[in-house]
There are 2 protein chains.
Amino acid sequence: MITIKKMAELLGTSTTTVSNVIHGKTGEVSPAMVEKVQQLLLEYDYVPNINARNLARNKSGIIGLAMKACRDKYENFIKDPFAGELTGAVESCVRAGGYFTMLYISDDITEIISSVASWNVDGLILHGMQAEDGAKITEKIKKPMVFIDCYLEETVPDYVNVGSQDRKGCYDITRYLIGHGHERIAFLADNRFGVDFERLKGFQDALREVGILYTEEHFIMLQPNGDDLSKTLDDVYKKVGDFTAFVCASDYYAAHILNDLKDRGVKIPEDISIVGFDDNVYSQIVRPALTTVHQDVTEKGSLAVDKLLQMIQQEEIGERIIRLPVEIVERDSVKKGKGMHV
Amino acid sequence: MITIKKMAELLGTSTTTVSNVIHGKTGEVSPAMVEKVQQLLLEYDYVPNINARNLARNKSGIIGLAMKACRDKYENFIKDPFAGELTGAVESCVRAGGYFTMLYISDDITEIISSVASWNVDGLILHGMQAEDGAKITEKIKKPMVFIDCYLEETVPDYVNVGSQDRKGCYDITRYLIGHGHERIAFLADNRFGVDFERLKGFQDALREVGILYTEEHFIMLQPNGDDLSKTLDDVYKKVGDFTAFVCASDYYAAHILNDLKDRGVKIPEDISIVGFDDNVYSQIVRPALTTVHQDVTEKGSLAVDKLLQMIQQEEIGERIIRLPVEIVERDSVKKGKGMHV
DNA sequence: TTGAAAGCGCTAACAC
DNA sequence: GTGTTAGCGCTTTCAA
């Protein structure tokens, strides 16, 4: 690999001159010299040594994409279609902005912090962070960062987040169910934090609005893991008689529950209606196809990177907390009774 | 951010000493000094500047994961469950080996090449490369690299690849169909290169073995894009009468075709049997669940990184061309007639 | 056991 | 226009 210094020697000139033409500052160099240097550049396939450049400039050209993996949930986090799509969107937007994407996936926030610190990333996109994570990372890392799908207003100073209208989406779809005559509706999720908690709130809003009293009976807690999952599925099956509709916090669960119930002979949507949230491959490919709440993951990733790049360039970023709009996608998993409470 | 130099000053010692205890060379340093340095390290949360370290060591600590995206196929490549799972597996294995993962996704091989070159990556994992790509990249980049799912024996010198038994897998499942009484079987794919071509060969092997003459009629070419896809689906529907079973080159197509046919009133597997290849979420979640050929993507990614790390450390890597075993997963998309030709 | 110093390749301030 | 030079933070050789 050829270096600037060597090329300068070869031409009997200085590194500054070579460096100048490399950076297109041809105003500072005589045309003849420019010509000669550019020839050498091509001839030797010059490629800058990024480590040296970054060291000298004290920047890195790297955008870190840090995702906290819940290893208890998925053995390989990025298998989740959400993670994959988000990663793809972020990478392509980062590349378009002239930066590179470095991936940090770990269930240990301190590991993420030290990796990020030592690479001296220019900015960070963060996903899956909870309150303490947010606090820790902003305390240690003083770099532009934007969160995705977090609810950390209280713990993170200068908080910037790109998320969805989780609460409204779930409110809407619950109202949709109610509008189709459903009154005995349950909400199913595997936790009560962040995104799922907001979705739960939307569910509660809808019930409250039509005068249904929300109680703990309305919440069915799911267990994500292998063995526990099948127990969860048993439990869900037992509740089928108690409700006419299930609002699942994600398509992932909605699809699995739908399939499991069907395999046990339950008719969807005749015996029970099921809706999800996300509108990903799960809801699209299952039959009956799931009525669900659509969110645009690619848009989410792109927007997050756009904002980050603006922050890096010290530009005005506008809204610091974005909730991307969501909309109901009607498919075939909801039984349509007479309208009520609409 | 504290530096080695500053810490040395603080302690009135030299950078060498500090550096030595950072690297655990405590044999070279007095216990008292070791103690003092370690305290400072903790107190100031010392994190090495990787750019400086790499510059000094003349390495980068980066493993590049380069995937050629077929933008004509997927607007966001990594949406594909395969890509997501592979990325996750690679990242976790790279991290375990003490390296970091930089992502390069592009449909333009020259863009990938120049990115990779300027980061001076220590090694490369490559996916989705065709003959010319392989030739170009090995010509320009002289670094350890391992390919995934490629068939480039002829174009790439010192070729190392981790793939699956594509040919055998497709042979097996075709024989499986034949064993269940199927004789009029078609193979469906959207191309005739690489992996899909190998799978086609396996299909042909099976037909040949039982004395069925393979003709162009047996191959149904699929169009991946939006509008063309629905035309493709029309075409496939029209062929239902001509065959008793469809061997699809991937679960993705198998699932979509299965759903589309069902939506048109075709009974699976009564009217036509369908099998796929991959055993990913598509085949698992569709109903009837797809009989398919299982491949272990996580294993594929891990193994590729293992081999790459061995190459970087100049160790013996054993087999240079790996074909991971595959196996049939029996589910419900094949009609079981009387055995024939078994 | 400790320290001084050269050097990794590039940048940028400054002098000529 | 062009060249000199002092870093950026870390590693590593060699001498003390």
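Because the structure is a prediction, the values reported are computed rather than measured. The sequence lines fix the lettering, A, B, ..., with proteins before strands; numbering per chain opens at 1.
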Between B/Thr16 and B/Ser19, a side-chain donor and acceptor under 3.5 Å: no
Any side-chain donor near an acceptor of the partner, B/Lys59 and A/Asn51, under 3.5 Å: no
Separation of atom CE in A/Met7 from atom C1' in D/dG3, rounded to whole Å: 17 Å
Starting from P on C/dG9, measure out to NZ on A/Lys6 and report it in whole angstrom. 7 Å
State plainly whether the residues B/Arg95 and A/Glu111 are in salt-bridge range, i.e. N to O under 4.0 Å. yes
Do B/Ser60 and B/Asp122 have a side chain donor and acceptor closer than 3.5 Å? yes
Taking atom P of D/dG3 as reference, at what distance in whole Å does atom CD of A/Glu28 sit? 14 Å
Encode nucleotides 8-16 of chain D as B, S and - characters from 5' to 3', where the letter depends on protein heavy atoms closer than 4.0 Å: B to the base, S only to sugar-phosphate, - to neither. BBBSBB---
Rounded to the nearest 0.5 Å, how far apart are CG of B/Asp108 and OG1 of B/Thr110? 3.0 Å
Please report the distance, rounded to the nearest Å, between CG in B/Leu11 and C1' in C/dT1. 15 Å
Interatomic distance, B/Lys36 NZ vs C/dT1 P [rounded to whole Å]: 15 Å
Establish, with yes or no, whether the OP1 or OP2 oxygen of C/dA4 is under 4.0 angstrom from a side-chain nitrogen or oxygen of B/Ser14. no
Between atom CG of A/Asp306 and atom CD1 of A/Ile322, what is the distance when rounded to the nearest 0.5 Å? 10.5 Å
